[in-house]
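Before any comments, here is the structure.
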Number of protein chains: 4
Amino acid sequence: MKPKDDRKVEAIAAAVYRLSARHGLSSVTLADIAREAGVATSTLYVYFKSREVLLDEVYRKAKTATMTRYALKDDPAAPLKARVRRIWLNMVDHRLENQHQMAFLEQFYHSEFISETSRALGLRMAAPFLELLAAGQKSEQLKPLPLPLMGAAIMGLAKETAVLLSRGDLPDNEKTRASAFQLCWDAIKA
Amino acid sequence: MKPKDDRKVEAIAAAVYRLSARHGLSSVTLADIAREAGVATSTLYVYFKSREVLLDEVYRKAKTATMTRYALKDDPAAPLKARVRRIWLNMVDHRLENQHQMAFLEQFYHSEFISETSRALGLRMAAPFLELLAAGQKSEQLKPLPLPLMGAAIMGLAKETAVLLSRGDLPDNEKTRASAFQLCWDAIKA
Amino acid sequence: MKPKDDRKVEAIAAAVYRLSARHGLSSVTLADIAREAGVATSTLYVYFKSREVLLDEVYRKAKTATMTRYALKDDPAAPLKARVRRIWLNMVDHRLENQHQMAFLEQFYHSEFISETSRALGLRMAAPFLELLAAGQKSEQLKPLPLPLMGAAIMGLAKETAVLLSRGDLPDNEKTRASAFQLCWDAIKA
Amino acid sequence: MKPKDDRKVEAIAAAVYRLSARHGLSSVTLADIAREAGVATSTLYVYFKSREVLLDEVYRKAKTATMTRYALKDDPAAPLKARVRRIWLNMVDHRLENQHQMAFLEQFYHSEFISETSRALGLRMAAPFLELLAAGQKSEQLKPLPLPLMGAAIMGLAKETAVLLSRGDLPDNEKTRASAFQLCWDAIKA
DNA sequence: TATGAATGAGCCTTCATTCAT
DNA sequence: TATGAATGAAGGCTCATTCAT
């Protein structure tokens with residue numbers, strides 16, 4: 001008997017990312033995915049029960065990897081501002097390095113395809129970050145506004161910064177990042 | 001394709017908004033639109049050359065109305081901060097009052113359906129607002145960061161604020177708006 | 001606007017009969033039916049909501065026509081034996097004249113495709129005939145056995161007779177029919 | 001294709017019977033059979049060359065067992081009526097005891113799956129019984145009608161009787177069987 | 001103009017069968 | 001022998017679009 005091939009699952013996920021970025025998630029068909037991943041359409045059903053499950057599982061994978069990446073080199077002992085900066089820079093860098101994946105993640109999150117459990121996953125994974133912000137509010141370093149608003153401000157600015165950097169509208173260097181983060185920090189600091 | 005009956009075009013647009021908000025743009029079929037608008041499917045082709053054109057035209061309509069609304073009661077003679085506040089509050093209010101329409105607008109903008117010309121329309125309509133910000137930068141009241149980044153910060157925060165208000169996560173009153181705008185202003189002010 | 005075409009429904013039903021007889025009901029695909037009926041596959045969905053409904057409706061049509069045919073020239077005033085003979089001969093003749101239709105009817109009835117309501121239809125339509133038999137039992141002309149058993153005996157013999165006639169195993173004439181009916185009558189008469 | 005493990009073949013046949021009775025023969029997939037029999041799908045190909053062969057072979061098995069069962073306790077020296085009664089009662093009892101198997105047998109016989117050789121098998125196995133009837137005709141104890149007609153009458157009545165008994169429409173006792181057989185005998189006796 | 005009928009292209013999914021271990 | 005992975009072919013169904021009235 002032949003064991004399931006993990007590399008095939010990887011290839012399928014990568015195909016979904018690429019196609020989402022290229023033509024938009026809602027036009028990604030199983031035939032497209034299969035072709036792009038180099039397998040037969042029916043093979044997708046060996047790994048996933050249905051199109052819905054496939055997308056959901058790919059989403060979970062990508063979301064988890066993304067959140068892990070955001071926490072990279074985060075030092076829990078560092079001061080608040082340094083930690084937020086670290087995470088914010090991680091967001092920007094990860095977006096620049098994984099544009100396809102992010103394209104999928106965003107489209108899926110805003111689509112009707114996403115399941116309730118997957119939507120919940122997003123929130124669950126963001127929890128540690130929101131707790132960091134909550135601590136910052138308690139120590140009166142951050143504005144006492146609702147956490148979702150604070151979080152959205154930070155992520156939204158990271159996203160827009162990444163877009164501008166990748167488009168070349170902004171020079172991709174330390175200075176640019178520093179001033180963009182300045183905007184972010186000014187927004188949230190108390 | 002000169003629309004003869006404006007009320008019918010109105011009904012079609014409204015159908016698109018409602019269905020987009022209810023089931024997601026990519027699952028909206030022409031049959032759905034026709035049923036919801038109370039006409040026959042083939043009648044849609046009397047008014048629009050194709051599905052693509054229909055959506056594009058509905059988008060233009062909604063986008064124009066939205067941008068006009070944002071400028072409501074904007075007094076060109078007022079001081080910068082007041083003008084930005086006025087526009088920012090307009091954004092929040094318009095979102096709260098036209099959720100279906102905004103659902104469509106956003107899904108369409110992030111979708112693969114949007115044409116290049118429609119995407120350009122978005123930018124063109126935002127021009128006056130960006131000019132206002134540019135003036136603010138010149139007078140050193142606003143941070144000297146790229147306009148797209150500034151604009152994105154402002155709109156993103158308006159959007160998130162509206163979401164929180166409509167969900168009931170934030171009390172819908174003057175005070176809440178004032179503090180949410182504070183966050184916005186702190187982000188962009190020099 | 002174009003009105004629905006009744007001749008098309010006829011063509012579809014005829015296609016189902018022919019294909020059922022030729023290859024067996026369970027191998028009849030919508031593509032087959034469409035090709036045989038001279039329409040596009042999707043056109044079938046203009047007339048029927050699904051394959052299941054299509055078959056069910058064709059069954060109803062054929063079943064009703066069949067039962068009506070069985071009662072042809074039945075004289076309610078005639079004596080019992082004459083009436084049973086008339087109906088029995090109708091069964092034999094109808095089978096000989098509509099073999100494709102009967103092939104479909106039988107396969108559908110014995111298949112898992114048939115709906116509960118369609119199965120019930122069969123019984124409802126046979127009711128008048130069973131009442132005739134019941135009357136014959138009351139007047140002690142027929143054996144006092146369960147009606148389903150009596151009915152099955154009669155129909156089963158009609159069927160087998162028709163098979164033998166159409167195969168040419170029996171000469172197709174009055175005499176053959178008379179003796180075959182004799183067997184039938186002997187079985188049920190008191 | 002020499003089956004090595006007879007118990008496995010047995011399990012496969014039993015699975016086919018059960019599934020045929022439960023969901024209808026034409027919806028029985030190889031995956032279903034394998035699951036129900038407790039083997040892997042590809043293992044079926046170790047025992048049978050194809051789905052067609054598998055069904056055909058299972059049919060042969062069941063058909064042979066059935067015909068053997070019909071002849072149980074048949075005493076070639078007994079008088080005609082007694083022998084026919086014995087066989088008729090065997091038919092009824094066997095049907096009552098092996099409903100799953102009979103469900104498969106009948107569906108397969110009326111399906112398009114059956115091969116010409118398998119259909120011929122049915123006739124060949126029934127030969128001894130038809131010879132008995134032929135002898136009865138020669139001795140003028142039975143009607144001089146075509147043997148297939150005579151045979152069909154007898155089997156058809158056995159089948160209907162079994163159906164009524166298993167449904168509970170008739171009390172399952174000696175008396176019922178006696179009167180049902182009476183109907184049968186009246187039909188065929190000279 | 002307005003509409004119901006008609007359709008070709010394409011989608012998701014299933015399945016008998018083969019492959020590779 | 002036994003099996004899980006892999007697949008091509010096909011099936012039912014949907015939909016944007018065109019036809020015909």
Side-chain angles (χ1 to χ4, degrees), chain A residues 1-6 8-9 26-34 37-55, chain B residues 1-5 8 26-34 37-55, chain C residues 1-6 8-9 26-34 37-55, chain D residues 1-5 8 26-34 37-55:
Chain A
M1 61 198 139
K2 228 157 83 182
K4 274 198 200 179
D5 190 344
D6 261 355
K8 218 157 265 179
V9 175
S26 81
S27 77
V28 173
T29 70
L30 293 186
D32 287 341
I33 298 173
V39 299
T41 309
S42 44
T43 303
L44 299 178
Y45 285 84
V46 173
Y47 291 85
F48 308 97
K49 219 192 93 209
S50 69
R51 179 194 144 99
E52 198 184 337
V53 168
L54 185 156
L55 291 181
Chain B
M1 290 316 111
K2 271 283 141 64
K4 279 286 153 76
D5 186 342
K8 218 159 263 184
S26 81
S27 77
V28 174
T29 70
L30 291 187
D32 286 341
I33 297 174
V39 300
T41 309
S42 40
T43 302
L44 298 178
Y45 284 85
V46 173
Y47 292 86
F48 308 97
K49 214 190 96 208
S50 70
R51 179 191 145 101
E52 197 185 336
V53 168
L54 186 157
L55 291 181
Chain C
M1 60 199 140
K2 228 156 84 182
K4 273 198 201 181
D5 190 344
D6 260 356
K8 218 156 266 179
V9 175
S26 81
S27 77
V28 173
T29 70
L30 291 185
D32 286 341
I33 297 174
V39 298
T41 310
S42 44
T43 303
L44 299 178
Y45 285 86
V46 173
Y47 291 85
F48 308 97
K49 218 190 93 209
S50 69
R51 180 194 142 99
E52 197 183 337
V53 168
L54 186 156
L55 291 181
Chain D
M1 291 312 115
K2 270 284 142 63
K4 279 288 156 73
D5 187 341
K8 219 158 260 182
S26 81
S27 77
V28 174
T29 70
L30 291 187
D32 286 340
I33 298 174
V39 299
T41 309
S42 40
T43 302
L44 298 178
Y45 284 84
V46 173
Y47 291 86
F48 308 97
K49 215 190 96 209
S50 70
R51 181 193 144 100
E52 197 185 336
V53 168
L54 184 157
L55 291 181

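Heavy atoms only: backbone and side chains are in, while hydrogens, waters and symmetry mates are out. What you see is a predicted model, and the numbers here were worked out from it, not measured in a lab.
Between C:Lys8 and E:dA6 there is a side-chain polar atom (N or O) within less than 4.0 angstrom of OP1 or OP2. Between E:dA6 and C:Tyr47, a contact under 4.0 Å exists linking OP1 or OP2 to a side-chain N or O.
Backbone-only engagement by C:Ser50 is indicated by non-hydrogen atom pairs under 4.0 Å involving sugar-phosphate atoms exclusively. Residue-level contact check: C:Thr29 touches the backbone only, with heavy atoms under 4.0 Å from sugar-phosphate atoms and none from bases. Contacts of C:Ser42 with the nucleic acid, taken as non-hydrogen atoms under 4.0 Å apart, include base atoms.
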- Item | Nucleotide-level pairing of DNA chain E, given in dot-bracket where Watson-Crick and G-U pairs need both distances under 3.5 Å and | marks other strands | .||||||||||||||||||||

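Across all non-hydrogen atoms, the minimal contact from B:Thr29 to B:Arg51 is CA-NH1, 4.2 Å. Here the closest heavy-atom approach between residue A:Lys8 and residue A:Thr43 is recorded as CD-CG2, 4.4 Å. Minimum interatomic distance between A:Tyr47 and A:Asp5 (heavy atoms only, all atoms of both residues): OH-N, 3.1 Å.
Each of C:Thr43 and A:Ser27 has a nearest nucleotide on DNA chain E; the 5'-most of these lies closest to C:Thr43. For A:Asp32 and B:Val39, each mapped to the nucleotide of DNA chain E holding its nearest heavy atom, the one lying further toward the 5' end belongs to B:Val39. Annotation: of the two residues near DNA chain F, C:Glu52 and B:Leu30, the 5′-most nearest-nucleotide partner is C:Glu52. For the pair B:Arg51 and C:Arg51, nearest-nucleotide mapping onto DNA chain F gives the more 5' position to C:Arg51.
Which of E:dT13, F:dA6, F:dG8 sits closest to the side chain of A:Ala40 comes down to F:dG8.
The distance between atom OH of D:Tyr45 and atom P of E:dA20, rounded to the nearest whole Å, is 17 Å.
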